[in-house]
Number of protein chains: 4
Amino acid sequence: MAPRTTEQFGKIRLEKMVLIMETSLELFAENGYHATSISQIAKKAGISKGLIYNYFDSKKELLDALITHGFDSIFQNFDLKEDGILTKEEFIHFIKQNFNLLRDNLQHWKLFYSLLLQPQVADSFAKDYEERGAPMFQMLFKFIESQGSKDPEGDLMAISAMLEGAFLYCVVAPDIFPMEIMEDKIINACFKIING
Amino acid sequence: MAPRTTEQFGKIRLEKMVLIMETSLELFAENGYHATSISQIAKKAGISKGLIYNYFDSKKELLDALITHGFDSIFQNFDLKEDGILTKEEFIHFIKQNFNLLRDNLQHWKLFYSLLLQPQVADSFAKDYEERGAPMFQMLFKFIESQGSKDPEGDLMAISAMLEGAFLYCVVAPDIFPMEIMEDKIINACFKIING
Amino acid sequence: MAPRTTEQFGKIRLEKMVLIMETSLELFAENGYHATSISQIAKKAGISKGLIYNYFDSKKELLDALITHGFDSIFQNFDLKEDGILTKEEFIHFIKQNFNLLRDNLQHWKLFYSLLLQPQVADSFAKDYEERGAPMFQMLFKFIESQGSKDPEGDLMAISAMLEGAFLYCVVAPDIFPMEIMEDKIINACFKIING
Amino acid sequence: MAPRTTEQFGKIRLEKMVLIMETSLELFAENGYHATSISQIAKKAGISKGLIYNYFDSKKELLDALITHGFDSIFQNFDLKEDGILTKEEFIHFIKQNFNLLRDNLQHWKLFYSLLLQPQVADSFAKDYEERGAPMFQMLFKFIESQGSKDPEGDLMAISAMLEGAFLYCVVAPDIFPMEIMEDKIINACFKIING
DNA sequence: GATGAATGAGTATTCATTCAT
DNA sequence: CATGAATGAATACTCATTCAT
């Protein structure tokens, strides 16, 4: 008889929000943002279309929430040693951590990559990505320098390209490029580039 | 008279086909496949919507034609030395050629990357890509081996990841990653990986 | 104890009812019936959507209640001298009273006029309006007659049209047609019509 | 076999445009703009929803076209003697013409009045209305003045209110206020106001 | 070969209304 | 009495595709 308490409502909202976001992440990642309809999401989540709009103002906002949350859940786990310089072990750990996060957030990454080339959608995305990535590039640069590289800028380019490509491979063709093996090879290659 | 007419018709057909494909490539690459409508293509090409269906059975088929043609125009220009082994100079030339083809077919690449992550669209795409890419991987592998690499498989992985990542960077953020500089750094890094 | 509680409930009910009606009148008048949503009303009133349905069975019934109440609050203030005949002073007072009621219930009038032309909505409305207006027309007719008009029917038509038009102007474009000036001019014109 | 000629297409477009506008005017006038759906229009016109968007970019644009066309078809028939001053006969003719136009464009007027009180819709409308009406007010003012009125401004207010009210009555309740009778009475009243 | 009017299934989104609490 | 999550039917609008000419 009595209305639900604020906590009860909060719990419901949180659960439904998570349900919607998880469902839509899955579909967006698998089929692409444009090719996924609100109806599909509702159907798969077992709720009505209208309910989605109770939580997100538009399809675009749902995507934005997904992106932001994705970035958060990926980047918050980084222990970026922004001030100091990485030791070799820390560097190795950093790369491994990257691969771990890739493993754990494969769908987020899939979504990110699929958005990367969709100009109209990627606006907010690109800026966010850049901002979040910048500290990592900086840290990498310092490390490369500290290792006595003769061309830190060039090596940074090569190494980040290699990492990006490796991630892309893992996302697109995980069976051809098994992550465990990739990981080692990439780490090795990094040192060869820096020291070579 | 009859053959002449046929010939003329053939010429018109070819020209119109090229017009449609060029126009749609431009739009697909710039705005994405889903966000581009047949009407837009027709308008930009200065023809009627109906005419497009005179040449392609569906929007999807137009895309397929674009992909196939894109692969052709990229890969046909490769002088793949499939039987023999590349010399260092040939390897360098091969990489440079890759960058040149990227430069000359930026829109095709943009389209390809944007499709890479859209499974439903990329079905035919992925298989084709694999088939076409296989000889190149083979050639690379042989070269790496011939250079005395201690871990050819690993180095191949690292190098192809690096190339893929470099291409992606060039396509997505050409102003941050200038192709000319990238090219040199990547080539250097390749040798460091192989010899290091 | 029981009656006390009932009384309190009754008081709460009444207060909430008034709150809902005032809020919805404001919104309906300002933005139109169709363009106003139950959610907006609830939000503006600081209550839940469900509560509105605790007092009114539907949006349409809320509107009907508003109309009826509007009529009541407008017409109940009239001291209609239905039996006798108005003196000149009483007639002038009657017109001024009309303008005063317009001033005091501008939103109601705004709503009424906006509904006047929406048949589906105005069904009950029109009948009510007619019933309520009839005595006023009668009274006016008697007065016009008593003033020696040669064509009381015609003058009644002209005068009521003028009043209606004046009210419409005041509601629609109050800054172009200032009520105070209108008032005098209309009263003058009435006598000119009757006596002319 | 050969495609239709430009004229053929033009004819089709014109016919369909007229069909859509006539149908939607009818429905908007009868049921109101908001309460009329595109589906209803399409159904009544015997065409598909999509076709309507082939001719009008949005429901709002369809309305705008209707308004503009309505104004045109009403005002273009006026022989506004803007420079000179109306004779009595010309004035009478002007009023009668007004009623005739009302008779001939009853639906347009119904639509106009129903829009007058819908703020969000009436934006473009109000400005247009004002612009188109201004010359008529001017002409009326000059005439009233020329007839020796002691208070031309006041009389103009009274007369235009009366005309507006009369029109409104004719539109809303044509059976209670028969236009033919109204017409005469209103004209008479005008002169009584001016001379009185 | 070429046109563009026409269709209809689909899209995102809104909103009055219900109902468990 | 009061809440707001949930629904579902409706809305405006889009677009690949067809087809008569």
Side-chain angles (χ1 to χ4, degrees), chain A residues 1-6 8-13 15-17 34-42 47-60 62, chain B residues 5 8-10 12-13 16 34-43 47-60 62, chain C residues 5 8-9 12-13 16 34-43 47-60 62, chain D residues 1-6 8-13 15-16 34-42 47-60 62:
Chain A
M1 278 291 187
R4 288 189 190 78
T5 62
T6 308
Q8 283 175 315
F9 277 130
K11 201 185 151 206
I12 292 177
R13 281 197 76 81
E15 279 170 3
K16 280 289 149 68
M17 201 147 186
H34 277 110
T36 301
S37 74
I38 294 286
S39 294
Q40 280 170 49
I41 298 172
I47 57 173
S48 69
K49 274 181 288 178
L51 191 60
I52 295 176
Y53 287 89
N54 214 320
Y55 292 86
F56 300 93
D57 283 347
S58 68
K59 193 184 173 187
K60 182 63 167 43
L62 172 53
Chain B
T5 306
Q8 284 178 330
F9 272 136
I12 291 179
R13 277 198 74 84
K16 281 285 150 78
H34 278 109
T36 302
S37 73
I38 294 287
S39 294
Q40 277 172 53
I41 299 171
K43 194 172 187 180
I47 58 174
S48 70
K49 274 182 290 181
L51 193 59
I52 293 176
Y53 286 87
N54 215 316
Y55 292 88
F56 301 93
D57 283 347
S58 70
K59 193 183 174 189
K60 181 66 167 45
L62 171 54
Chain C
T5 306
Q8 284 178 333
F9 271 138
I12 292 179
R13 276 197 76 84
K16 281 285 151 76
H34 278 109
T36 302
S37 74
I38 293 287
S39 294
Q40 276 170 54
I41 298 171
K43 195 172 186 178
I47 57 174
S48 70
K49 273 183 291 180
L51 193 59
I52 295 177
Y53 285 88
N54 213 317
Y55 293 88
F56 301 94
D57 283 348
S58 70
K59 193 185 174 189
K60 181 66 167 46
L62 172 54
Chain D
M1 279 294 190
R4 288 188 189 79
T5 61
T6 307
Q8 283 175 314
F9 276 129
K11 201 185 151 206
I12 292 177
R13 281 197 77 81
E15 279 170 2
K16 279 289 147 71
H34 276 110
T36 302
S37 74
I38 293 286
S39 295
Q40 279 170 48
I41 299 172
I47 57 174
S48 68
K49 276 180 288 179
L51 192 60
I52 294 177
Y53 289 90
N54 215 320
Y55 290 86
F56 300 94
D57 284 346
S58 69
K59 193 184 172 188
K60 182 65 166 44
L62 172 53

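Small disclaimer: the values here were computed from a predicted structure and weren't measured. So you know, we letter chains A, B, ... as the sequences are listed, proteins then strands, and number each from 1.
Residues that satisfy the side-chain contact (heavy atoms from CB on, under 4.5 Å) test with Gln40(D), not counting sequence neighbours, are Leu27(D), Asn31(D), Thr36(D), Ser37(D). Evaluation of the side-chain contact (heavy atoms from CB on, under 4.5 Å) rule for Phe9(D) yields Arg4(D) as partners, not counting sequence neighbours. The side-chain contact (heavy atoms from CB on, under 4.5 Å) test applied to Thr6(A) returns no partner, not counting sequence neighbours. The side-chain contact (heavy atoms from CB on, under 4.5 Å) search around Asp57(A) returns Glu61(A), not counting sequence neighbours.
Under the 3.5 Å distance criterion, the side-chain polar atoms of Gln8(D) are matched with a main-chain donor or acceptor of Thr5(D).
Across all their heavy atoms, Tyr53(C) and Ile38(C) have their closest contact at OH-CG1, 3.7 Å. Closest of all the heavy-atom pairs between Ser48(A) and Ala42(A) is C-CB, 3.8 Å.
Contact annotation: Asn54(D) reaches the phosphate of dA5(E) (side-chain N/O to OP1 or OP2, under 4.0 Å). OP1 or OP2 of dA2(F) has at least one side-chain nitrogen or oxygen of Lys16(C) nearer than 4.0 Å.
Counting non-hydrogen atoms under 4.0 angstrom, Phe56(B) reaches nothing in the nucleic acid.
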Exercise for the section: Let me have a per-nucleotide readout for nucleotides 14-20 of chain F, 5' to 3', with B, S or -, counting only protein heavy atoms under 4.0 Å. Expected result: B-SBB-B
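Side-chain atoms of Asn54(C) and Arg13(C), non-hydrogen and from C-beta on, do get closer than 4.5 Å to each other.
In this structure, Ile41(C) atom CD1 and dA16(E) atom P are separated by 8 Å, rounded to whole Å. If you take CD1 of Ile52(D) and P of dG8(E), they are 14 Å apart, rounded to a whole angstrom. What separates CD of Gln8(A) from P of dA6(F) is a distance of 13 Å, to the nearest Å. Put simply, OH on Tyr55(A) is 12 Å from P on dG4(F), counting in whole angstrom units.
Scanning DNA chain F for stems, defined as runs of 3 or more consecutive Watson-Crick or G-U wobble pairs whose donor-acceptor distances all fall under 3.5 Å, gives the following ranges: E:2-21 with F:2-21.
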